[in-house]
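Note that ligands are numbered from 1 as they come in the structure, with each ligand's atoms numbered from 1 the same way.
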Amino acid sequence: MMKINLKTKTIGQPFVWVEEIDSTNEELKRMAAADACHGTVICAGHQTGGKGRRGRTWDSPKGDNIYLSILLRPDINPAQASMITLLGALAAADSIEAVCGAVCQIKWPNDLVLDGKKVCGILTEMSTDMNGIRYVIVGIGINVNRNTFPEEISHMAGSIEKKQGREEIIASLLFHFEEKYNRFLEYKNMAPFLKEYNGRLAGIGRQVQILSVGEKRICTSCGIDEGGALIVIDEEGKREKIISGEVSVRGLYGYV
Ligand code: BTN
């Protein structure tokens with residue numbers, strides 16, 4: 001069981017806790033199909049089929065970690081929805097900082113890194129129909145207190161190493177997410193968040209590797225623009241917009 005001291009109006013109303021589930025994103029999709037309302041949050045003790053981005057899995061053992069998904073029914077254009085993921089990253093970073101004092105960086109678009117290791121990942125999924133967005137689900141996984149990882153991710157995965165505070169992190173995360181989400185709806189872009197996002201962005205002002213299919217280039221990262229795209233300058237001085245999903249960005253010497 002979990003007791004959350006919610007300080008939100010809509011996000012986390014209702015808040016559903018389950019000990020075990022295949023994936024909180026999948027369960028929330030089923031709930032959305034059964035008319036669950038905007039703001040519904042489901043949180044699990046562990047996942048048997050945790051999903052990561054690009055068809056990867058998200059290892060989700062029992063313990064003190066956070067596996068939660070937020071259901072949103074925004075009245076925005078489907079093309080604007082990917083920015084909501086960036087809000088999730090900001091809210092998660094704020095909550096970790098508020099509760100644990102640990103300052104996470106963001107690896108664009110939405111991984112949180114601490115001491116060079118990934119401690120949080122976000123998977124946003126959307127359902128649309130002829131009328132636009134039916135729903136958006138933001139799934140957030142945070143390694144709160146973990147020191148063993150599957151071998152293939154052990155070089156890059158880390159945790160915030162807190163034995164207590166999971167409930168407070170969740171309450172703070174939902175509080176910050178609600179505040180940012182409401183502000184986002186006023187502008188429908190990242191303009192109000194450029195300073196905080198770029199302030200946390202790993203590699204900003206430095207050289208990064210841009211990896212796309214069969215290609216690797218070195219560019220200088222200039223931070224995100226109002227649409228949430230990463231702006232980079234290539235070796236010939238040409239400015240370019242990197243759209244999330246197309247490519248991965250890496251540091252010159254590894255993951256961050
Ligand atoms: C990634 O970095 O690849 C994204 C990981 C997202 C993991 C979370 S855990 C809660 C939610 N349910 C899932 O199955 N995935 C997301």
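Note on Asp22 versus Lys51: no salt bridge recorded, every NZ/NE/NH1/NH2 to OD/OE distance being 4.0 Å or above. Residues Lys29 and Glu125 are paired through a salt bridge, judged by an N-O separation under 4.0 Å between the basic side chain and the carboxylate. In this structure, Glu178 does not pair ionically with Lys180, as no charged nitrogen and carboxylate oxygen lie closer than 4.0 Å. Remark: Arg183 engages Glu196 in a salt bridge, criterion side-chain N to carboxylate O under 4.0 Å.
The ligand atoms of ligand 1 that sit less than 4.0 angstrom from a heavy atom of Leu68 are 10 (C). The atoms of ligand 1 that sit less than 4.0 Å from any heavy atom of Gly50 are 14 (O). Those atoms of ligand 1 with a heavy atom of Arg53 less than 4.0 angstrom away are 1 (C), 3 (O), 4 (C). Taking a cut-off of under 4.0 Å to the non-hydrogen atoms of Leu123, the atoms of ligand 1 that pass are 4 (C), 6 (C). Per-residue contacts place Thr24 under 4.0 angstrom from the following atoms of ligand 1 (heavy atoms of the residue considered): 10 (C), 11 (C), 12 (N).
Taking each of Arg56, Glu27, Gln47, Lys51 in turn, the one with a heavy atom nearest to atom 9 (S) of ligand 1 proves to be Gln47.
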Mind listing the side-chain donor-acceptor pairs of residues 32-41 below 3.5 Å, one per line with the distance, residues two or more places apart or on another chain?
unit_1	atom_1	unit_2	atom_2	d
His38	ND1	Arg73	N	2.9
Thr40	OG1	Cys37	N	3.4
Thr40	OG1	Cys37	O	2.7

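Among residue pairs with one or both ends in residues 78-89, those qualifying as side chain to side chain donor-acceptor pair (under 3.5 Å) are Thr85-Thr124; sequence neighbours excluded.
Annotation: atom 2 (O) of ligand 1 to nearest protein heavy atom, Lys118 NZ, 2.6 Å. Summary of contacts: the protein heavy atom closest to atom 5 (C) of ligand 1 is Trp58 CE3, 3.3 Å. Distance from atom 8 (C) of ligand 1 to its nearest protein heavy atom, with residue and atom name: Gly141 N, 3.6 Å.
Donor-acceptor pairing under 3.5 Å is lacking for the side chains of Arg146 and Ser159.
Counting heavy atoms under 4.0 Å from ligand 1, residue Ile140 touches it through the backbone alone.
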